[in-house]
Undergrad: 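Take this structure first; my questions come after.
Hydrogens, waters and symmetry mates are skipped; everything else that's a heavy atom, side chains included, is used. We number each residue from 1, following the sequence as shown.
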Amino acid sequence: MTTPTTPTSPTTSTASVTEIVVPTGTARPFALTAALLWRLVHEGRRHLLSPVVPFVLTLAVTVITSCFGGDSANSAGAFLSLASDYSDGGHAVTVGILLTLGPGTAAVFNAASVTRAVQGLVGAEVARGGFEELLGSPYTPRRIATAVLGFTLATATGFWAVYTAITAAVTGAFVAATSVHLHLPAAYVALVTVFPLLIAWTSGSLALLVSLLFPRLTQVGVAAALSGGNLGNVVAVLPGLGAVFVLSYGLPSLGPARLLLIAGGATLLIACASVVLVTVRFDPETVLDS
């Protein structure tokens with residue numbers, strides 16, 4: 001006589017368990033931030049790495065074109081002026097491009113990367129019912145907003161570190177392969193280090209602001225689907241595009257110290273305003289109703 005066995009539900013398989021574990025008792029937003037980051041690394045690794053390859057190609061094409069493009073590509077007086085101040089040994093235009101467009105391009109790709117990560121997180125949680133589960137747990141709306149904000153800042157900082165390291169590596173490889181000698185002042189190093197980080201935080205904060213307070217702006221229409229974006233993407237990437245113009249035109253005229261004070265201060269102000277609006281005005285029902 002055989003003993004009947006109880007059928008096993010496929011939903012109990014450990015391979016398919018991707019839900020966020022909701023703690024009991026007093027909930028801490030940093031624990032939720034860690035869970036969200038874990039999900040990003042383990043489930044969205046391919047999407048995390050996808051923007052890095054276009055960034056490397058864009059930076060390489062920019063440098064190679066300036067080296068071998070002739071007078072049509074080597075006609076920027078601002079690059080020559082900057083190179084004369086911070087280097088010697090030739091290849092002035094290429095050095096100027098690396099010192100300005102390198103950090104600027106990194107800021108653009110950083111803004112695009114963190115925007116994709118934030119909008120992907122919010123969209124995924126709405127689709128799988130994550131916000132409903134969190135609202136039924138010890139997490140209050142403000143704690144949820146704080147946790148997602150922590151995720152945004154951590155993700156933006158991670159992308160900033162990757163793109164900054166790539167820019168520094170490309171610059172170092174160019175210097176090692178040529179006779180160029182760089183003598184960068186501390187003010188310039190602070191500018192190209194701190195300013196792109198502030199741009200990353202601002203883009204992430206704006207992406208979160210649009211995703212949580214104006215979620216309909218992140219819905220992809222027909223035209224946006226063809227270009228792979230939406231209106232929310234445009235708003236969040238604007239700081240990165242602004243960084244290119246600020247570094248290209250402001251660095252030769254204002255100098256790195258004044259430029260960091262003015263542009264960095266304005267960027268930080270936008271980021272702080274976005275953070276305050278998210279933590280104060282976030283209403284989960286707005287996101288769920290979209």
Side-chain angles (χ1 to χ4, degrees), residues 52-112 159-203 237-270:
V52 176
V53 175
F55 169 72
V56 175
L57 294 177
T58 301
L59 195 60
V61 169
T62 302
V63 173
I64 294 173
T65 302
S66 68
C67 287
F68 305 104
D71 294 336
S72 60
N74 297 339
S75 58
F79 295 149
L80 293 172
S81 174
L82 190 67
S84 65
D85 293 337
Y86 295 157
S87 70
D88 54 66
H91 299 283
V93 173
T94 304
V95 172
I97 288 176
L98 281 173
L99 296 182
T100 54
L101 294 185
T105 306
V108 173
F109 278 84
N110 204 340
F159 279 121
W160 163 81
V162 171
Y163 291 129
T164 300
I166 293 175
T167 304
V170 171
T171 304
F174 174 77
V175 171
T178 61
S179 58
V180 173
H181 298 281
L182 297 178
H183 38 84
L184 304 177
Y188 171 81
V189 176
L191 172 67
V192 298
T193 303
V194 176
F195 185 51
L197 179 59
L198 295 177
I199 291 292
W201 287 349
T202 301
S203 295
V237 174
L238 281 178
L241 297 176
V244 175
F245 291 98
V246 167
L247 291 172
S248 299
Y249 296 100
L251 186 57
S253 58
L254 297 177
R258 292 178 60 190
L259 185 61
L260 178 59
L261 181 63
I262 297 174
T267 304
L268 183 61
L269 182 63
I270 297 174

Undergrad: Looking only at heavy atoms, what is the nearest atom pair of A83 and G96, with distance?
TA: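 Looking at all heavy atoms of both residues, the shortest contact is CB-N, 4.1 Å.
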
Undergrad: Is the shortest side-chain heavy-atom distance between L247 and P103 below 4.5 Å?
TA: yes

Undergrad: Hey, does H183 have a side-chain heavy atom less than 4.5 Å from the side chain of D85?
TA: no

Undergrad: Which atom names give the shortest non-hydrogen contact between N110 and A200, and what distance separates them?
TA: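 Nearest pair, atom of N110 first, then A200: ND2-CB, 3.4 Å.
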
Undergrad: Mind checking the CG-OG1 spacing from L238 to T202? Nearest 0.5 Å is all I need.
TA: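 Answer for the CG-OG1 pair, L238 versus T202, is 12.0 Å.
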
Undergrad: If we ignore hydrogens and angles and just use 3.5 Å, is the side chain of T164 paired with the main-chain N or O of A161 as donor and acceptor?
TA: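 No; judged by distance alone, with no hydrogens or angles, the pair does not exist.
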
Undergrad: I want to check something: taking the side chain as every heavy atom from C-beta on, are Y163 and T105 in contact at a cut-off of under 4.5 Å?
TA: no

Undergrad: Name all pairs fulfilling the side-chain hydrogen bond (donor to acceptor under 3.5 Å, both in side chains) condition that reach into residues 184-198, sequence neighbours left out, sorted by first residue then second.
TA: none

Undergrad: Please set out all donor-acceptor pairs under 3.5 angstrom arising from side-chain atoms of residues 171-179, sequence neighbours excluded.
TA:
unit_1, atom_1, unit_2, atom_2, d
T171, OG1, T167, O, 2.9
T178, OG1, F174, O, 2.8
T178, OG1, V180, N, 3.4
S179, OG, G89, O, 2.9

Undergrad: Taking the side chain as every heavy atom from C-beta outward, state whether L191 and L251 have any atom pair closer than 4.5 Å.
TA: yes

Undergrad: Please lay out, stage by stage, how L99 and L184 fare under the test side chain to side chain contact (heavy atoms under 4.5 Å, CB included).
TA: CA-CA 10 Å; L99 296 182; L184 304 177; 4.1 Å; yes

Undergrad: Side-chain contact, heavy-atom cut-off 4.5 Å: S248 with L101?
TA: yes

Undergrad: In residues 254-268, what donor-acceptor pairs under 3.5 Å come from side-chain atoms, sequence neighbours left out?
TA:
unit_1, atom_1, unit_2, atom_2, d
T267, OG1, A263, O, 2.8

Undergrad: Looking at every heavy atom in both V244 and G104, which two are closest together, and how far apart are they?
TA: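 For V244 versus G104, the nearest heavy atoms are CG2-O, 3.5 Å.
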
Undergrad: Within the supplied structure, the quantity of interest is the number of heavy atoms (other residues, nucleotides, ligands) at a distance under 6.0 Å from W201 CH2; does it exceed 12?
TA: no

